[in-house]
Amino acid sequence: MVTRFAPSPTGYLHIGGARTALFNWLYARGRGGKFLLRIEDTDRERSTPEATAAILQGLTWLGLDWDGEAVSQFARKDRHAEVAHQMLARGTAYKCFATAAEIEAYREAERARGASYPIFRSPWRDADPATHPDAPYAIRMKAPRTGETVIDDAVQGRVVVRNDQLDDMIVLRSDGTPVYMLAVVVDDHDMGVTHVIRGDDHLNNAARQQMVYDAMGWPVPVWAHIPLIHGPDGKKLSKRHGATAVGDYQAQGYPAAGMRNYLTRLGWAHGDAEFFTSEEAMGWFDLTGIGRAPARLDFRKLEHICGLHIAATPDAALLQDIEAYLAAANRPALTPDQRALLDRGLYCLKDRAKTYPELLEKAHFLLAARPIVPEPAAAAALDPVSRGILKNLTPQLQSASWSRDELESILTQAAAEAGLGFGKLAAPLRAALAGRTATPSVYDMMLVIGRNETIARLEDAAA
RNA sequence: GGCCCGUUCGUCUAUCGGUUAGGACACCAGGUUUUCAACCUGGGAAGAGGGGUUCGACUCCCCUACGGGCUGCCA
């Protein structure tokens, strides 16, 4: 079996498109099939190489690898024209000499007669070729005018469209360029696509496309039209909603694994499964599990899922992901020292963050160099009394074995001697060590940065 | 306007004629606790409305309302 993702390069990769790609990828990968990529760049006005690059980059970041090279639809225009002419030869299409002005005039006349939205009926459909003028012509499909076309959709069920609702669509423009409706069908057929999984905005188009398959005597693929994604307010997703491009999510530091998990779960379910890997999803994913209603984006749940994935990622992979995030977000790269420290501290950071920026913020204690400048909220804990306690602590730390157990006994004892609960001592320690109020445990921070750095920071803060 | 699709807690969803309508996120209360995150316990929260079919409908059919899509020599 073969699936494909066929975006048009007129902008960034949309989050809804990303989910469509994801579904195609999961379905193919879970069944040992192929997942192909085709760039629908036949609209020369709006297609740009930058958009193509952004789409490829977005898919790559999400980990949706495709088989073979991405196909350019524009590059196949001669093949599309060839098929249009084959249709002509088979008698399933005809030359239409009507000009845009004539078509508009026809519609006006029909409207005047009371038709609300007139379908153009070309007078050339059954014209004798002998009457053909020597003028540019478009090739129109000779679509059936009676009966109905049935789309047997794996998601939407049996969808019936009456043939008299459809016009004879143009397959080849008068300038010889193919129209999308023809190009998709030809490409999908030539690429051996067996399952067309795409947004349900194409559901109506499927009827017309199926007519092309029929006209050419080609086998019709399995259709699966999935609902679009909406913004949190239930409206069609737009820039008003904030992040709509997958690149935004990457730059905001969401892990790709979490994105995949969340997006898979959006509009699809496998019982009560909520947190899973893509490998698991591949084993479960099927078309019948896809919902029929549009789903809304819920950033809280996305973050929750992402947090679980960060916590579950092995340190080495997590470190790589974080560095990739830094580059994508245009943030300074890690120095070798920072990298080594972060690697050492990941164990106490990864289960406290939902995104990479949050993790990095909590990693400030190991990323920052002395002197640590506390944030206002943290500085508040460094009152004179606390500073005195920190000062008294350093000699003991100097001779400590630097094991977690010993640090724990030293600090709890110090707190007890000062007549304080441990929380009262932890606050200034946290301020001195990290300059932040949200950090890993003070013991973990001390263990990660080591004795000398710990003592130096306490002395800085006590001074 | 015509045609097509959709509608279960605030959100994502389970249910495929018989359930106290389940789970997750979010929320509220309590617990744990060194901050954050996490975790534990408990709680509130749903079948758009109206007709049918049926012994019995969230589930099947029809109508209405609402939302979305298509209706191009765009993709």
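Scope of the values below: all heavy atoms of this structure, side chains included, with no hydrogens, waters or symmetry mates.
For the pair Thr10(A) and rA75(B), the criterion of a side-chain N or O lying under 4.0 Å from OP1 or OP2 is not met.
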For residues 207-216 of chain A, dump all side-chain donor-acceptor pairs below 3.5 Å to protein atoms at least two apart in sequence or in another chain.
from: Arg208(A); atom 1: NH2; to: Asp167(A); atom 2: OD1; distance (Å): 2.2
from: Gln209(A); atom 1: OE1; to: Arg198(A); atom 2: NH2; distance (Å): 3.4
from: Gln210(A); atom 1: OE1; to: Trp223(A); atom 2: NE1; distance (Å): 2.8
from: Gln210(A); atom 1: NE2; to: Val150(A); atom 2: O; distance (Å): 2.9

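Counting only distance, with no hydrogens or angles, the side chain of Lys142(A) and the backbone of Tyr94(A) share no donor-acceptor pair below 3.5 Å. A donor-acceptor contact shorter than 3.5 Å is absent between the side chain of Arg265(A) and the backbone of Phe276(A). Within the 3.5 Å criterion, the main-chain N or O of Arg121(A) finds no donor-acceptor partner in the side chain of Asp168(A).
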Legend entry - Arg260(A)/Ser278(A) under side chain to side chain donor-acceptor pair (under 3.5 Å): CA gap, chis, key distance, verdict: CA-CA 7 Å; Arg260(A) 265 183 268 129; Ser278(A) 293; 2.9 Å; yes
Inset, instruction - Check the pair Asp405(A) / Ser403(A) against side chain to side chain donor-acceptor pair (under 3.5 Å), numbers first and verdict last. - result: CA-CA 5 Å; Asp405(A) 283 349; Ser403(A) 69; 5.6 Å; no
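Within the shown strands, rU41(B) is the pairing partner of rA29(B) under the Watson-Crick or G-U definition, both distances less than 3.5 Å. The partner of rU35(B) is absent, by the rule that a Watson-Crick or G-U pair needs both atom distances under 3.5 Å. Pair assignment for rU8(B) gives none, since no Watson-Crick or G-U wobble pairing has each distance under 3.5 Å. Base pairing of rC70(B): its partner is rG2(B), meeting the Watson-Crick or G-U wobble criterion (both donor-acceptor distances under 3.5 Å). With both pairing distances under 3.5 Å, rC58(B) is matched to nothing as a Watson-Crick or G-U wobble pair. For rA14(B), there is no paired base (Watson-Crick or G-U wobble, both distances below 3.5 Å).
Counting non-hydrogen atoms under 4.0 angstrom, Ala98(A) reaches a base of the nucleic acid. Using a 4.0 Å heavy-atom criterion, one finds that Arg38(A) contacts no nucleic acid atom at all. Counting any heavy atom pair closer than 4.0 Å across all strands shown, Thr42(A) reaches sugar-phosphate atoms only and no base atom.
Going from atom CG of Leu228(A) over to atom C1' of rG6(B) covers 12 Å, rounded to whole Å. Rounded to whole Å, atom C1' of rG2(B) lies 19 Å from atom CZ of Phe120(A). Asp201(A) has its CG atom 14 Å from the C1' atom of rG6(B), to the nearest Å. Between Glu40(A) atom CD and rC74(B) atom P the separation is 15 Å, expressed in whole Å. Taking atom CH2 of residue Trp223(A) and atom C1' of nucleotide rC5(B), one finds them 16 Å apart after rounding to whole Å. One can place CD of Glu45(A) at 13 Å from C1' of rC73(B), the figure rounded to the nearest angstrom.
Distance from the side chain of Asn204(A) is smallest for rG69(B) among the nucleotides rC73(B), rG69(B), rA75(B). Counting only heavy atoms from C-beta on, Ala295(A) has its side chain closest to rU13(B) among rU71(B), rU13(B), rC73(B). With rG69(B), rC12(B), rA75(B) as the candidates, the nucleotide lying closest to the side chain of His202(A) is rA75(B).
In this structure, the ring of Phe422(A) has its center less than 6.0 angstrom from the ring center of Tyr443(A).
Salt bridge annotation for Arg4(A)-Asp187(A): absent, with no cationic side-chain nitrogen under 4.0 angstrom from a carboxylate oxygen. At a threshold of 4.0 Å, the pair Arg38(A)-Asp188(A) counts as salt-bridged, since one of the basic side-chain nitrogens sits closer than that to a carboxylate oxygen. A salt bridge links Arg162(A) to Asp164(A): one of the charged nitrogens lies within less than 4.0 Å of a carboxylate oxygen. Using a 4.0 Å cut-off between charged nitrogen and carboxylate oxygen, Arg404(A) and Asp444(A) count as a salt-bridge pair. Residues Glu104(A) and Arg111(A) are paired through a salt bridge, judged by an N-O separation under 4.0 Å between the basic side chain and the carboxylate.
Distance check on atom P: rC28(B) versus rG69(B) gives 34 Å, rounded to whole Å.
Side-chain contact between His309(A) and Phe275(A): present, with at least one pair of heavy atoms (C-beta onward) separated by less than 4.5 Å. A 4.5 Å side-chain heavy-atom check between Trp268(A) and Leu22(A) finds every atom pair outside the cut-off.
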Legend entry - Per-nucleotide protein contact string for nucleotides 18-39 of chain B (B base, S sugar-phosphate only, - none; heavy atom under 4.0 Å): ----BBBBS-------BBBBS-
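Residues from residues 75-86 of chain A with heavy atoms under 4.0 angstrom of RNA chain B: there are none. Looking at residues 141-157 of chain A, you'll see Gln156(A) sit with a heavy atom under 4.0 Å from some atom of RNA chain B. If you check residues 161-170 of chain A against RNA chain B, the residues with a heavy atom closer than 4.0 Å are Gln165(A), Ile170(A), listed by number.
Residue His225(A) is tested with Asp153(A), Asn204(A), Asp200(A) for a side-chain hydrogen bond (donor to acceptor under 3.5 Å, both in side chains); the sole match is Asp153(A).
Mapping Tyr137(A) and Val160(A) onto RNA chain B by nearest heavy atom places Val160(A) closer to the 5' end of the strand. Between Arg19(A) and Asp41(A), the residue anchored closer to the 5' end of RNA chain B is Arg19(A), taking for each the nucleotide with the nearest heavy atom.
Not a single salt bridge (Lys or Arg N to Asp or Glu O under 4.0 Å) links Lys95(A) to another residue, sequence neighbours left out.
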